[in-house]
*Asks:* 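Okay, handing you the structure first.
Letters go in sequence order (proteins before strands), and every chain restarts at 1. Note that the coordinates shown come from a computational prediction; the quantities given were computed from them, not determined experimentally.
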Protein chains: 2
Amino acid sequence: MGQKRQIPAPSVERLCRYERCLAKAARSGMSRISSQELAALCGVTPEQVRKDLSHFGSFGRRGVGYDAAGLCEELRRILGLERKRRIAIVGIGNLGTALAGYAGFEARGFEVVGLYDNNPARVGHLVQGIRVRHIDQLATDNQRAQIDIVVLAVPESAAQAAAARVVAAGIKGILNFAPTRLKVPDHVVVRDVDMTAELECLSFWVAQAEED
Amino acid sequence: MGQKRQIPAPSVERLCRYERCLAKAARSGMSRISSQELAALCGVTPEQVRKDLSHFGSFGRRGVGYDAAGLCEELRRILGLERKRRIAIVGIGNLGTALAGYAGFEARGFEVVGLYDNNPARVGHLVQGIRVRHIDQLATDNQRAQIDIVVLAVPESAAQAAAARVVAAGIKGILNFAPTRLKVPDHVVVRDVDMTAELECLSFWVAQAEED
DNA sequence: CTGTGTGAATCAATTCACAGCT
DNA sequence: AGCTGTGAATTGATTCACACAG
């Protein structure tokens, strides 16, 4: 069932960038914007912008350009950001705690509605004004909390088991900070953020650049 | 200068995964490993593994497979991980503080050797046993600290200016957590970690999956 | 004349298929 | 026979170039 991939994933990633740049441009008073200008703001090419947008429809006027605020709104709709998305954080260690307090999420319309951990020593504590609950409660909580996405910030050793809990709770999206490839059913979407791997790649390219 | 990358970036990203899986396999007593087995552990195809490795040489024996520990060692050499890499964190807010205490970095051979901020209220504080210094001191500190990579955890509004400081200090790699495309000279390598964009992409794919 | 939208061409990455070592 | 290493084929993404609308 998970084979519907007519939209290239890199396009979707760029749409987020476009939306952010458009919002900023619109806020600073720009009403019309060309693919040229938008591309310059985002660090891509104008034809890339137009091609990416063309997967979803045609939003500009030939010879004129795009309405900055209008296109921004369209992108928010395409990305599913018109309604506030509800997220829960699973794993309230060092990283999870920081993420719970990360202002960037709220600022972009992601509301942290729950914090979960399996360590009894952490359950019950208040973190950023939210009480940490036991992961056992995730499934029942989700019936009324309607969690869209879980941010998984548990250690590698606990990641697969925690992911299984999340899937069992009926949650469809996981942002995974553990350095493991999670095995989940096709209808669940996972994106990985592997900070250590990023450092290792950097390490490689830096060394590579030195070889000249 | 940043001319030919004959090595595909996706291959490098996978090499990190291979290294991690190999280390785990070797630790658990496996001495020989086939591309088939390694691929299964990493969630890729065997020919992908072999093609990725082939960019750097030939490390296996036909009809036999690879020596797990030996290949792991080769990968560490390729990725530039034989020597400990020294990192500094710039921006000691919520996120920077969490990253300073993130055990995963040390565990993978990245040593946090400095914390920097431009906010006088934060300078001088001890965070994870390291005293926060003013970003003005980065350039002189780097002459003896030999920082390989900076983790940039400042707000979007401060990111470009902070990056300029990092570049001026002679540091060649930046792991950027701010949702901005940094403008840096060609000889400096940047990798972006945009957690909000990741959530937005998830939001899209989750909505997409629901359309059935 | 300007700037979008899009098929066609190019470039990059993945997968296939098989030759060659053990 | 078993498994690697690698050109060839294929799939996918980006760039080009131009028709078309304002």
*Asks:* Is atom CD of Gln36(B) surrounded by more than 12 heavy atoms (other residues, nucleotides or ligands) closer than 6.0 Å?
*Replies:* no
*Asks:* Would you mind telling me which residue lines up with the more 5' stretch of DNA chain D, Arg61(A) or Asp52(A), judged by nearest nucleotide?
*Replies:* Asp52(A)
*Asks:* Choosing from dT15(D), dA13(D), dA13(C), which nucleotide comes nearest the side chain of Gln48(A)?
*Replies:* dT15(D)
*Asks:* Just how far is it from atom CG of Leu79(A) to atom CZ of Phe56(A), taken to the nearest 0.5 Å?
*Replies:* 7.5 Å
*Asks:* Would you kindly give the CZ-to-P distance between Arg32(A) and dT2(C), to the nearest whole Å?
*Replies:* 14 Å
*Asks:* Heavy atom of residues 39-46 of chain A under 4.0 Å from DNA chain C: which residues?
*Replies:* none
*Asks:* Starting from C1' on dA13(D), measure out to CG on Leu15(A) and report it in whole angstrom.
*Replies:* 15 Å
*Asks:* Looking at Asp194(B) and Pro179(B), would you say the former's side chain and the latter's main chain have a donor-acceptor pair under 3.5 Å?
*Replies:* no
*Asks:* State which residue, out of Pro10(B), Ser11(B), Pro8(B), fulfils the side chain to side chain contact (heavy atoms under 4.5 Å, CB included) condition with Asp52(B).
*Replies:* Ser11(B)
*Asks:* CD1 of Ile7(A) versus C1' of dA13(D): gap in Å, rounded?
*Replies:* 13 Å
*Asks:* Looking just at side-chain N and O atoms, do Arg85(A) and Ser203(B) make a donor-acceptor pair shorter than 3.5 Å?
*Replies:* yes
*Asks:* When you get a sec, tell me which of dT22(C), dT4(D), dT14(D) is the closest nucleotide to the side chain of Ser34(B)?
*Replies:* dT4(D)
*Asks:* Tell me whether Arg191(A) at atom CZ has more than 12 heavy atoms from other residues, nucleotides or ligands lying less than 6.0 Å away.
*Replies:* yes
*Asks:* Determine whether Arg32(B) and Val64(B) make a side-chain contact, defined as any pair of heavy atoms from C-beta on separated by less than 4.5 Å.
*Replies:* yes
*Asks:* Provide the closest heavy-atom pair for Val49(B) versus Tyr18(B) in the form atom of the first, atom of the second, distance.
*Replies:* CA-OH, 3.6 Å
*Asks:* Tell me whether the count of non-hydrogen atoms from other residues, nucleotides or ligands lying under 6.0 Å of CD in Glu106(A) goes above 12.
*Replies:* yes
*Asks:* Please say whether more than 12 non-hydrogen atoms of neighbouring residues, nucleotides or ligands are located less than 6.0 Å from NZ in Lys84(B).
*Replies:* yes
*Asks:* Which residues, if any, of residues 53-60 of chain B bring a heavy atom under 4.0 Å of DNA chain D?
*Replies:* Ser54(B), Ser58(B), Phe59(B), Gly60(B)
*Asks:* Collect all protein-nucleotide pairs involving nucleotides 16-21 of chain D in which both atoms are nitrogen or oxygen and the distance is under 3.5 Å.
*Replies:*
{"from": "dC20(D)", "atom 1": "O2", "to": "Arg62(A)", "atom 2": "NH1", "distance (Å)": "3.1"}

*Asks:* With a cut-off of less than 4.0 Å, is there a side-chain N or O of Arg14(A) near OP1 or OP2 of dT14(D)?
*Replies:* yes
*Asks:* Any side-chain N or O of Tyr66(B) less than 4.0 Å from the OP1 or OP2 oxygen of dG2(D)?
*Replies:* no
*Asks:* Going by atom types alone, do Thr140(A) and Gln143(A) pair a side-chain donor with an acceptor below 3.5 Å?
*Replies:* no
*Asks:* CG of Leu38(B) versus P of dG5(D): gap in Å, rounded?
*Replies:* 12 Å
